[in-house]
Structure formats: structure tokens, C-alpha cells
Amino acid sequence: MKKYRCTVCGYVYDPEKGDEDSGIPPGTAFEDLPANWCCPVCGAEKDAFEAVD
């Protein structure tokens, strides 16, 4: 599973860690995040993220 970086603040979503503060369990792929999920640091929407190689 790929990691994704917020282009606004630089936060990296790591699917192996999830986003437990937002109720996203570890092992959740970025593509499987709810449409209304946003960056836990700056609040940017999912479309502000880009895949990290």
C-alpha cells in the first residue's frame, strides 16, 4: 500500500498506521478512506494528497 503526502502541510498518511484519531484503523489503504476524511494536521481534503514513491 502506498503512502500519500498532503501537498498543503506535508503530513504523510501511512496505511500501515492508519489515522486512529479519526477512527481509521491500521491497514486501511488511502483509496479506502471515507470521502469526507481530511488531513488530521491541516484539514485539507483527500484531493490535496499525492502518492509518495
Side-chain angles (χ1 to χ4, degrees):
M1 288 187 283
K2 284 188 172 187
K3 296 179 183 179
Y4 282 76
R5 179 184 303 116
C6 177
T7 60
V8 177
C9 73
Y11 166 81
V12 175
Y13 175 76
D14 183 347
E16 291 184 11
K17 296 180 181 176
D19 178 14
E20 294 200 27
D21 291 341
S22 297
I24 307 298
T28 303
F30 185 82
E31 295 82 1
D32 295 332
L33 292 171
N36 64 349
W37 180 85
C38 58
C39 178
V41 175
C42 72
E45 296 183 4
K46 277 180 71 175
D47 61 4
F49 281 73
E50 64 184 8
V52 177
D53 290 328

Straight-line distance of Y4 OH to C39 SG, nearest 0.5 Å: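 Output value for this atom pair is 15.0 Å.
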Say you draw a straight line from CG of D53 to NZ of K2; how long is it, rounded to the nearest 0.5 Å?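 Rounded to the nearest 0.5 Å, the CG-NZ separation comes to 5.5 Å.
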Counting heavy atoms not belonging to E50, are there more than 12 under 6.0 Å from its CD?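 Correct, the count exceeds 12.
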Look at atom NZ of K46 and say whether more than 12 heavy atoms of other residues, nucleotides or ligands are closer to it than 6.0 Å.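 Yes, NZ of K46 has more than 12 neighbouring heavy atoms, counting only those of other groups under 6.0 Å.
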Ignoring hydrogens, what is the shortest heavy-atom contact between Y13 and L33? Give both atom names and the distance.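 Looks like OH-CD2, 3.7 Å.
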Residue of the set D19, D21, I24 for which side-chain contact (heavy atoms from CB on, under 4.5 Å) holds with P40: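 Answer to the side-chain contact (heavy atoms from CB on, under 4.5 Å) test with P40 among D19, D21, I24: D19.
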Would you check if K3 and P15 make a side-chain contact, meaning some heavy-atom pair closer than 4.5 Å?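 The answer is yes; the side chains approach within 4.5 Å.
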When the ring centroid of F30 is compared with that of F49, is the distance short of 6.0 Å?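 Yes - the distance between ring centres of F30 and F49 falls below the 6.0 Å cut-off.
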Flag yes if V41 and V12 sit in one hydrophobic cluster, no otherwise; membership is Ile, Leu, Val, Met, Phe, Trp, Tyr, and two members link when side-chain heavy atoms are under 4.5 Å apart.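 Different clusters.
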